[in-house]
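Note on naming: letters A, B, ... go to the chains in the order of the sequence lines (proteins, then strands), and numbering restarts at 1 for each one.
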Amino acid sequence: MKFLVNPSKFNEMADHLFRPLLILSIMLFALGLLFSFYLSPDDYQQGSTVRIMYVHVPSAWLALLTYAIMTLYSILALAFRIPFGFIFNTAVAPIGAVFTLICIISGSLWGKPMWGTWWVWDARLTSVAILFIIYLMIIFMNLSFENRVVREKVVAIFILVGSVNLPIVKFSVDWWNTLHQPATISKLSKPSIDPTMMTPLIIMTFAFILIGIAIAILRIKTEIISRKSYLS
Amino acid sequence: MKFLKKIIFFYYREYKLNLSGIQDILTNIIFFFVSIFIFIFSIGPDKETISFIGVGIIWTLLLLSSTLSLRKFYQEDFENGNLFIMHLNGFSFGFIAILKTFSHFLFVQVPFLLSIPIACILLNIANDKLFYLFASFSIGSLILSCLGSISSSMNLMNQRNFLLGSVVVMIFSVPVVIFSVGIINMEESFNSLINILFGILLIVFAINPWASGMCLKLSLENS
Amino acid sequence: MIIVKDLTVERLDKKIFENINLSLASGNITILKGKNGSGKTTFLKTILNLIAPSFGSIYWKGKLLRTNLYDFYNNVTYIADKTTSLTKLSVKDNINIWRKIFLSNINDSQIEVALKTLKLENYLNQKVTTLSLGETKKLELLRLIIENKKIWVLDEPLSSLDDDSIELIKQTFEDHCAKEGSIIFSSHQNPGIYVTEEIHL
């Protein structure tokens, strides 16, 4: 597991992993889209619009997951002085931002036919919007500091402070009565979602994860190289 | 005893500094009132509407005008080296952050607190709501001071984009605004909401010395 | 009192200086010499524990500096190359604030004498912004007298001073050494001050 914290080992591993991951994720995307458009049933309430879920839910999960991993790496980098954490934070923030943006756009496309409006000010939507703004702030912070040492540590601290938003996003549907429906899939109880809908959702989730990892590998490698050239 | 004296004289120094720059603080308050005028002119002087959204306006503008003075928080002391002199005088960076936060509360937020009644008259807010507004703002402004300390210490070395600091404060003050406006509009749940505000205050107050102190040390190291 | 052993500092994996040794006993004056950008300020900041050294260690009174930091800080005056005086306030206010926050035990007559020797007594009620560069520097050096501590760490104390003032500084340094104080200062010119040790960075 050393390749998760060591840049040179990571580079070795990335060379092996990048191509298979990319191919696998494209295949999963093809399969998942096939399932979600043709092989899954319409919802009896929502009709065909339920298919937006197969993009909306995985991107929302990944937006949260990316931020959680960034928080973890910030702790590693600040507390245990592992510089790979800073590289990871710089490289991965735009990916998380894009996932959040996909989630917001697909959500409002879903909301228009179902709720009759593109946007409502309920707790889940607001907290996701704040998550998106936090991602943007991380990117802008990365761009606006001259001194690299200060920049990466300040960004890590900002990520840690901003991580208070994560539980709010996750539990907002349980804590407040909102328009957004509560989670249908949870670990502790039997999921309240039909297995025919579950299959494409799972496939799409894995496709999203794999494409996310592939892009992250590419960006982290670029970041490592640019740091080396900066030093010399 | 020596330490206590040092703290007292720290505030003496802050007092002298702020007294010499009193026009800055007063300009902040004038900004607050002028924005209220602008708000009223843009909505139209209908008494019902104004008193309905008055509390929200006051909170938004208090937030905006207190982020205006963020640049003064550490920047001057950082640039002329006084921050390090304070550290050499026996305060750890985290403790400097706490002292500075209270100083910001005393010299920037308390004048706003005093100008709230006048704003209430202008915005036609009922007298019995004034107490709730005071209670929520006195806690909320301490939270704002803590957030301001964190964001301005983060942006000490940021020469290009200082607006970032204001946005950091405004993002994290979203829950503060939600709960404090909630206090005023839902008086029956006053106790529970003020407890939540207190909770936020305690969390921010615990994070503040850690985050600000670390950022201050980092900026001083690399300046 | 201060012992520096094999000190090496790296910033961004670039060595700024390496293997510096120094022992500063009471009554010693050490000068740091070097070109612009050779790390004089970094060295002074490292001694003051602001920058963590990459290798090597610093001892204060036989213990590691980091373990009894505030005892060290109680004995040291640092003058940076910036002006720490508050430019909005008058000279008198600045002196009063310094006397208060450093809990100085210097009395009024001593301050007056110091002001007279530094030729600042006519500016007492002026704002610091109206002073010239050399005068602000002299006001800054007044902090040495006010703080009245044993170790002086000075970053470029002689820059922008005239010959008379440099002579005065020389005198002050010798007096301070006679009182078993010790001084470490950086300078890129050759001031002609008597020093016990030279460090070239």
For C:N96 and B:K16, what are the C-alpha separation, side-chain angles and deciding distance, and is it a side chain to side chain contact (heavy atoms under 4.5 Å, CB included)? CA-CA 11 Å; C:N96 278 338; B:K16 277 276 181 191; over 6 Å; no
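- For the set C:V76, C:L48, C:N49, C:T41, the entry with the most heavy-atom pairs within less than 4.5 Å of chain B is C:L48.
- Atom OH of B:Y11 has more than 12 heavy atoms from other residues, nucleotides or ligands within 6.0 Å.
- In this structure, the portions of C:I51 lying under 4.5 Å from any heavy atom of chain B include both its backbone and its side chain.
- Within a 6.0 Å radius of NZ in C:K127, other residues, nucleotides and ligands contribute 12 heavy atoms or fewer.
- Using a 4.5 Å cut-off between heavy atoms, B:F93 touches chain C through its side chain atoms alone.
- Counting heavy-atom neighbours within 6.0 Å of C:Y70 OH, excluding the residue itself, gives a total above 12.
- The distance from atom CG of C:D93 to atom OG of B:S20, rounded to the nearest 0.5 Å, is 8.5 Å.
- For C:L50, the parts sitting under 4.5 Å from any heavy atom of chain B are the backbone and the side chain alike.
- For the pair B:N89 (side chain) and C:I101 (backbone), a donor-acceptor distance under 3.5 Å is present.
- Within a 6.0 Å sphere centred on NZ of C:K150, heavy atoms belonging to other residues, nucleotides or ligands number 12 at most.
- To the nearest 0.5 Å, the span separating CD on B:E14 from CD1 on C:I97 amounts to 9.5 Å.
- Environment of CD in C:Q110: crowded, with over 12 heavy atoms of neighbouring residues, nucleotides or ligands closer than 6.0 Å.
- We find the NZ-CG distance between B:K2 and C:N74 to be 6.0 Å, quoted to the nearest 0.5 Å.
- Atom CG of B:L88 is separated from atom OH of C:Y73 by 5.5 Å, given to the nearest 0.5 angstrom.
- Note that NZ of C:K82 and CG of B:N82 are 10.0 Å apart. Values are rounded to the nearest 0.5 Å.
- Looking at B:Y12, only its side chain comes within 4.5 Å of chain C, counting heavy atoms on both sides.
- Side chain of B:N80 to main chain of C:T84: no donor-acceptor pair is present (N/O by atom type, distance under 3.5 Å, no hydrogens or angles).
- Around the CG atom of C:D162, the shell of radius 6.0 Å holds more than 12 heavy atoms that belong to other residues, nucleotides or ligands.
- For B:E76, the part lying under 4.5 angstrom from a heavy atom of chain C is the side chain only.
- With respect to chain C, the highest number of heavy-atom pairs below 4.5 Å among B:K217, B:H87, B:M86 belongs to B:H87.
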Hey, mind stepping through C:F102 and B:I85 against side chain to side chain contact (heavy atoms under 4.5 Å, CB included) and telling me if it holds? CA-CA 10 Å; C:F102 295 123; B:I85 299 296; 3.6 Å; yes
Could you go step by step and tell me if B:I8 and C:K100 meet the side chain to side chain contact (heavy atoms under 4.5 Å, CB included) rule? CA-CA 9 Å; B:I8 292 167; C:K100 286 204 161 101; over 6 Å; no
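- Within a 6.0 Å sphere centred on CZ of B:F3, heavy atoms belonging to other residues, nucleotides or ligands number more than 12.
- Two residues are said to be in side-chain contact when any heavy atoms from C-beta on lie closer than 4.5 Å; B:R13 and C:L86 meet this criterion.
- Atom CZ of B:F105 sits in a crowded spot, with more than 12 heavy atoms from other residues, nucleotides or ligands closer than 6.0 Å.
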